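Labels below follow one simple rule: chain letters A, B, ... track the order of the sequence lines, proteins then strands, and each chain is numbered from 1. If you're wondering where the values come from, they're calculated on a predicted model, not measured in any experiment.
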Number of protein chains: 2
Amino acid sequence: MARAPSALGLGGSPLYRAIKSQITENLQSGEWGLGEAIPSESRLAERFHVSVGTVRKAVDELVAEKVLVRQQGKGTFVATHNRDRTLYYFFHIVGHDETDKNYPQVELLSFKKDRAGNDAAEQLQIARGDPVFKIQNLLLLAGSPVVLDDITIPVAPFQDLTRDIFKNRDSTIYALYQSRYGINVIRSVERLRANLADSACNKHLGIRPGGPVLEIRRVAYTYHDTPVELRVSRVNTTHHEYLSELSNS
Amino acid sequence: MARAPSALGLGGSPLYRAIKSQITENLQSGEWGLGEAIPSESRLAERFHVSVGTVRKAVDELVAEKVLVRQQGKGTFVATHNRDRTLYYFFHIVGHDETDKNYPQVELLSFKKDRAGNDAAEQLQIARGDPVFKIQNLLLLAGSPVVLDDITIPVAPFQDLTRDIFKNRDSTIYALYQSRYGINVIRSVERLRANLADSACNKHLGIRPGGPVLEIRRVAYTYHDTPVELRVSRVNTTHHEYLSELSNS
DNA sequence: TAGTGGTCTAGACCACCTG
DNA sequence: AGGTGGTCTAGACCACTAC
């Protein structure tokens, strides 16, 4: 019953990786939209001329990467960046007693077009002076200001973005990137350090000058390790903290 | 060619979970020691009376949990908590430019037996007043003091631990827990906040009083979510920072 | 009842390592 | 050459969901 091995596995990589790539391409091309079901495993197996087991292995990895979601008896669906998912995947600020499970309230402080400085250009892998959007957000938890976000994104992938579009988004910022611009944030690197409050922290977070403030510098990436966004957050850790869970599964 | 389904899958859970449990038990009982190879997949399949594919699925999960390590052509080995692995899995302090790939130098400042206070008791899920070891460590990176660790562990699982055993360990602290006490740290939860330096930070980390210091409170867990260790770290983030990578794979 | 994902089997060949 | 893990196939039955 053996079949031709590696029939499609060009470049020496296993077949299921090739299948995974093809599925990813269909995802990116929009053939299967957000939240929709993709074809059943047996149909995919026919379409790609491989066995169901091979499709399963490809889908397994995409599920592990949270790109797809399986539902037994129903089908396999394209994951969406909704509040339940993204927010708590990339948002790590909780109350000291961790009871804070409310969504943060967001206040847009400023939205402007600017040019990339040295640091932003390097982090976003664009040229210095390239146009970027600079956005300042204030996050309130249980009514009090806790996080001050300075977001920098290149203009290029977000051409038609305006203050109104940004402000009137339905859900999270990453959901906006995904639904309107087809950009899927799948990875982030955060660097944290302790600082002393400057006037902005004092003004917006109510930390007294010279008080402690947690600074988080995050770069968010999409496929192929392409940087999408640089975000510098300043956190008032008087009643909240940054939560990092490291498990193995 | 069908076989009796769920022949061993007691309790409604899939067979490969049962196999996984049996492998884990053999691991914990010490039948297969650290760094040793476990029997080949075909032998395990015979031993447990299942097919190789089922064994593979069980081993897959244990590999994902970093309990086992596969090496093509050689075999499957029991993971060890050596510097290459644990250290960089649970140690997140890097230089601002991330060039710091040197092992930290450790200086033991104090080691004493004490009784658990309210907070430690709660975090470690033991009774208030239960005996604990309290250990203070100073970590130097590139020669300068950067991290001050206050470690609290229950005496119970570490009965015969002494200052000498602790100080003269071969490798990392978690490797000691594993090799001498059979306790495998597999998960940790860290909570970070910004503080102002106290006298201890000033004395050991050279931060001026009132300077910013990053505080990390970590609880490390072994199997069944049993807490093993409470560790409060104070970090001088003048030239170093806490690195958190969140990917999906 | 029909379709989907979830589990399990049995056996093939490949890539890699060791002797 | 023989053993090990890595990939792939083909087909079975189960559990769940929808109609």
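- When the side-chain nitrogen and oxygen atoms of A:Tyr16 are compared with OP1 and OP2 of D:dC8, none of them lie within a distance under 4.0 Å.
- Distance B:Lys57 NZ to D:dT7 C1': 16 Å, rounded to the nearest Å.
- With a 6.0 Å cutoff to the six-membered ring centre and a 45° limit on the axis angle, A:Arg169 counts as a cation-pi contact of A:Phe166.
- The residue among B:Gln72 and A:Lys74 whose nearest nucleotide of DNA chain D lies closer to the 5′ end is B:Gln72.
- In this structure, B:Arg70 reaches the D:dG6 phosphate: one of its side-chain N or O atoms is under 4.0 Å from OP1 or OP2.
- One interatomic measurement links the two molecules: CD of A:Glu46 to C1' of C:dG3, which rounds to 13 Å at whole-angstrom precision.
- The nearest whole Å value for the distance from the CG atom in A:Asp60 to the P atom in D:dG6 is 15 Å.
- The distance between atom CZ of A:Arg56 and atom P of D:dC14, rounded to the nearest whole Å, is 17 Å.
- Looking at A:Lys20 and A:Glu65, a side-chain N of the basic residue comes within less than 4.0 Å of a carboxylate O on the acidic one, giving a salt bridge.
- Within a 6.0 Å radius of CD in A:Glu122, other residues, nucleotides and ligands contribute 12 heavy atoms or fewer.
- Summarising the geometry, the separation between CD on B:Gln71 and P on C:dT18 is reported as 9 Å, rounded to the nearest angstrom.
- What separates CZ of A:Phe48 from C1' of D:dT9 is a distance of 17 Å, to the nearest Å.
- For the pair A:Leu68 CG and C:dT4 C1', the computed distance is 15 Å after rounding to whole Å.
- The side chain of B:Ser51 places no N or O atom within less than 4.0 Å of a non-bridging phosphate oxygen (OP1 or OP2) of C:dC8.
- Using a cutoff of 4.0 Å between basic side-chain nitrogens and carboxylate oxygens, B:Arg187 and A:Glu245 are scored as salt-bridged.
- Considering only side-chain N and O atoms, A:Ser40 lies under 4.0 angstrom from the phosphate OP1 or OP2 of C:dT4.
- We find that CD of A:Glu41 is positioned 17 Å from P of D:dG11, with the value rounded to whole Å.
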